[in-house]
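Note that the numbering runs from 1 along the sequence shown for the chain. In each ligand, atom 1 is the first atom listed, and ligand 1 is the first ligand listed.
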Amino acid sequence: MTDLSGEATLSTAPVSRLIQLSDTHLMKDPGGKLVGIDTDQSFAAVCRLIGQQPAIDALLLTGDLAGDEAESAYTRLRERLATLGVPSFWLPGNHDAASRENTIFDEHFKRHIRFPHWDILMLNTQRLGDVAGCLAEAELIFLRAAVARSRSTQRPLLVATHHPLAPVGCRWLDDQVVRNGAEALAILAPLRERAIVISGHVHQDAAQVHAGVRCYTVPSTCVQFAPGSQQFQVDDQPPGCRLLEMYEDGRLETQILRVIDESFPVDRLSTGYA
Ligand SMILES: [Fe+2]
């Protein structure tokens, strides 16, 4: 199990600006492809897009960082992100290494991130040997504690996971969401609009409300999956990321940013994705 630990406190302007990146799927060697897309090239294009935005306070990467668990992929990820000059925080996904030999990456795997007006909780949904997600009891304990803190401090809470907590409307992907996601949503429910959940894994933009809590997913930085699909189906949408603007009073504004000045055609003959 990849441990998340410690906290990072960041000072920002009254409106904190966060970018969510997900499912970069960098392979062992540069130029590796997923469904025909060179994942290094598409990730680099998304990073250039982020570099063109007004100042960002932090980057949050919601898992499936590496496609084949190779340390070289994490090293290239770290090097590319460093060009943006912004702290980045990472979650593991089902494709990621389950344990890390190299402590150089520890600074990215934080449990808590504190903005001036918002708290962010990182939860690990990785379950060894399973494509689907699950929140171990230890993760639920962190979630209960963060909700209790938010209730007492009135600070809004953003929770980040790799697998979504609830189905997004794609049958083949909905089998893979967090198995005990309903339990997590029940824990969050008392916070209602003061809680936000952002997730990856489904390679598409979704915005839903579950138990009064807003839940978002994000496009991948490489291949996209088709919304509403019954079985594996890729989509022509470009690589992208999510911008979140987090206000002092708990309001959140969010939008998807996509690469529109380069094209990354998918291999339509691909029939699966492990
Ligand atoms: Fe995943």
| query | Quick one: does S199's side chain have a donor or acceptor within less than 3.5 Å of a partner on H162's backbone? | reply |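 Checking the backbone N and O of H162 against the side chain of S199, no donor-acceptor pair under 3.5 Å is found.
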| More than 12 non-hydrogen atoms from neighbouring residues, nucleotides or ligands closer than 6.0 Å to CD on E107, yes or no? |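 Enclosed.
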| said: Once rounded to the nearest 0.5 Å, what's the spacing between atom CG of D96 and atom CZ of F109? | reply: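 So the CG of D96 and the CZ of F109 are separated by 6.5 Å.
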| request: Salt-bridge test for R111 and E139: reply yes if a basic N is under 4.0 Å from a carboxylate O, no otherwise. | output: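 A salt bridge links R111 with E139.
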Confirm or rule out an N/O/S atom of [X], from backbone or side chain, lying less than 2.8 Å from the Fe ion (ligand 1).
X: H95; result: no
X: H162; result: yes
X: Q176; result: no

| request: Just give me the atom name: the N, O or S atom of H201 closest to the Fe ion (ligand 1). | output: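 Answer by atom name: ND1.
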| By atom name, which N, O or S atom of D64 is the nearest to the Fe ion (ligand 1)? |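 The nearest such atom is OD2.
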| task | Can you label the angle between the H203 ring and the F225 ring as parallel, tilted or perpendicular, going by 30° and 60°? | result |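 Parallel, since the angle between the ring planes stays under 30°.
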